[in-house]
> 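Please find one structure pasted underneath; my questions will follow.
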Protein chains: 2
Amino acid sequence: MSENDSCIIRHLRHYADLSDSDEALLDSLEREPREVERGEALWQTDDPAGRFCTLSKGWAYSFRDMEDGSRQILEIYLPGDIIGLREFAFQERLAGVMMIDDGVVCDFPHRRLLEVFRESFTLSMIFFALSSQQQALLTERLVNLARRSARQKVAHLIYEMYLRLQRTMPYATRRFRLPLSQQQLGDALGLTSVHISRTLSGFREDGLLIRERQWVELLDPDAVASEAEFAGRYLRDGLGPISGE
Amino acid sequence: MSENDSCIIRHLRHYADLSDSDEALLDSLEREPREVERGEALWQTDDPAGRFCTLSKGWAYSFRDMEDGSRQILEIYLPGDIIGLREFAFQERLAGVMMIDDGVVCDFPHRRLLEVFRESFTLSMIFFALSSQQQALLTERLVNLARRSARQKVAHLIYEMYLRLQRTMPYATRRFRLPLSQQQLGDALGLTSVHISRTLSGFREDGLLIRERQWVELLDPDAVASEAEFAGRYLRDGLGPISGE
DNA sequence: CGTGCGGTTGAGGAAGGTCAATATGTGTGG
DNA sequence: CCACACATATTGACCTTCCTCAACCGCACG
């Protein structure tokens, strides 16, 4: 309602109408904001898992380190995202989470989510919907990693970030900040940083996009989308059942 | 309680104690069992999505067909699994689902899940936990596809199926039926059927496992697990929050 | 003004794909 | 019980994509 609504309330409001008590419940999830620094780990694999985290400022990613020393980035989180839903059913973290930028997070224990389930039918559904949406994101990532060429992988990741940023930022432009190193892009896509470099050079030569420092400029967004065979269904969260009630 | 409990009740009961009314609710999800044939599609990508499906008999898989004609298998479902949780937040199917064997499924509309949310706190949590578990499965699959060699991918899939079967079947043995063709194994792992064939031959030569027809025999399960760098955390669903309440 | 991290470029190599020919079944109808 | 058709698996030769290793550049920061 007011200007200073929390990030998560703004985020969830577009799924369904929230009652005042719903908003109060959500507000209680963000009681203790905590500043975190770029490069700081929120937790590591195998840490005990008993809390979630809302990301109210900054970027983060979850990852798994492999035996051979390589790292797989699983998910990239933007402000408004809830981190750690994955581990609700587990005792230990299945992946680490690291801040990409300086930011602000709010922890809340699993117990608090149970209260939400107990007290708000609407929020129960929204959280369930969020979880199923994260499944959809993971699914798309899986397809991207398993079936596409390096060019397609890179184009897909960049275009997905472009769309996701448009949802949260009012008027995102074709030029946006993507604070991931080429090493990190490689870690997310199962490619080496060397190959990321070559691929980005290729895109520049082909007039598709320009990558400079931490910035991306899409010269031809449609061409990027088609290069990636991008099908954005998985980002269009209809949430029919709730609005349809 | 009784012998003829539905598959899903048996499946969910090991997450938490279910009250009689919980069981009645669950029972209502399996009101209309339907026989389906091997090779039959439960639905296709882009079909309207408004229902879930419990698989009470047979195997199934979800998949995405790519523009180049290849197919990515996303998830393999065993009896007791719920199919379609992924699309709760969406209007359309994000993936098709196909029966591997003849089997029996029970459809129920999203609406019915909302009733569950409204009426049972315990079941709300269990369903949320199921969703987060499916996320964990997907995550593991993603890591498998992005970071591992062909040998590791195949070993990992086979070992995962071995463990998952042990959970449902009372005493699964080292020899079990895996009703997937080499083509389908390839579709699941992002490999060609040709390479699956070579990889399986390699395993046989190395004395790790024997694949014959639809059967797998693990000659040395530990060696298979270690070849796959298998870390089974993601299958050990502690579900602390619920039992801890 | 070094020092170090992130990015670029080149040469050579390995994992897995493609294409195609050849088994090996498996099921069906005669 | 056999014959044929069709799906599934095996094997070989060759090719493409991406990796590895290594040198080098350049900007940022102390």
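For the numbers below, each heavy atom of this structure counts, side chains included, while hydrogens, waters and symmetry mates do not. We name chains A, B, ... by the order of the sequence lines, and we start the count at 1 in each one.
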> Going by the rule side chain to side chain donor-acceptor pair (under 3.5 Å), which residues pair with B/Asp222 if we only count those two or more places apart in sequence or in a different chain?
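B/Asp222 satisfies side chain to side chain donor-acceptor pair (under 3.5 Å) with no residue once adjacent residues are dropped.
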
> Going by the rule salt bridge (charged side-chain N to carboxylate O under 4.0 Å, His left out), which residues pair with A/Asp46 if we only count those two or more places apart in sequence or in a different chain?
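B/Arg233.
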
> Can you pull the contact range of chain A along DNA chain C, 5' to 3', using atoms under 4.0 angstrom from its heavy atoms?
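For DNA chain C, the relevant span reads C/dG7 to C/dA11.
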
> State which residues pass salt bridge (charged side-chain N to carboxylate O under 4.0 Å, His left out) with A/Arg34; sequence neighbours excluded, sorted by chain then number.
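Result, salt bridge (charged side-chain N to carboxylate O under 4.0 Å, His left out) vs A/Arg34: A/Asp107.
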
> Sequence neighbours excluded, which residues qualify as side chain to side chain donor-acceptor pair (under 3.5 Å) partners of A/Thr199?
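Per chain and number, A/Thr199 pairs via side chain to side chain donor-acceptor pair (under 3.5 Å) with no residue.
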
> At 10 degrees resolution, what angle do the end axes of the helix from C/dC1-D/dG30 to C/dG30-D/dC1 form when each is taken over five base pairs?
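What I find for the helix from C/dC1-D/dG30 to C/dG30-D/dC1 is an axis angle of 40°.
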
> Quick one: side-chain contact (heavy atoms from CB on, under 4.5 Å) partners of A/Leu163, sequence neighbours excluded?
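A/Leu163 satisfies side-chain contact (heavy atoms from CB on, under 4.5 Å) with A/Tyr159, A/Gln166, A/Phe230, A/Leu235 only.
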
> Any pair with a residue in residues 205-216 of chain B that passes side-chain hydrogen bond (donor to acceptor under 3.5 Å, both in side chains), sequence neighbours left out, goes on the list, sorted by first then second residue, please.
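Qualifying pairs, neighbours excluded: B/Arg151-B/Asp206, B/Arg177-B/Gln214.
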
> Base contacts versus sugar-phosphate-only contacts with protein, heavy atoms under 4.0 Å: please encode nucleotides 17-30 of chain D as B, S and - from 5' to 3'.
-BSBB-----SS--

> Sequence neighbours left out, what passes side chain to side chain donor-acceptor pair (under 3.5 Å) with A/Arg148? Give chain and number order.
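A/Arg148: side chain to side chain donor-acceptor pair (under 3.5 Å) contacts with A/Glu140, A/Asn144, A/His156.
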
> As an exercise, state the distance from CD of A/Glu87 to CZ of A/Arg93, rounded to the nearest 0.5 Å.
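That separation rounds to 4.5 Å.
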
> Can you name the residues that form a side chain to side chain donor-acceptor pair (under 3.5 Å) with A/Glu75, not counting sequence neighbours?
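In terms of side chain to side chain donor-acceptor pair (under 3.5 Å), with neighbours along the sequence ignored, A/Glu75 is linked to A/Arg141.
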
> Can you list everything that forms a salt bridge (charged side-chain N to carboxylate O under 4.0 Å, His left out) with B/Asp102? Sequence neighbours excluded, please.
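Testing B/Asp102 for salt bridge (charged side-chain N to carboxylate O under 4.0 Å, His left out), a comparison that skips the adjacent residues, returns none.
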
> So what does A/Ser193 touch, heavy atoms closer than 4.0 Å: a base, only the sugar-phosphate, or nothing?
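The residue A/Ser193 makes no contact with any strand.
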
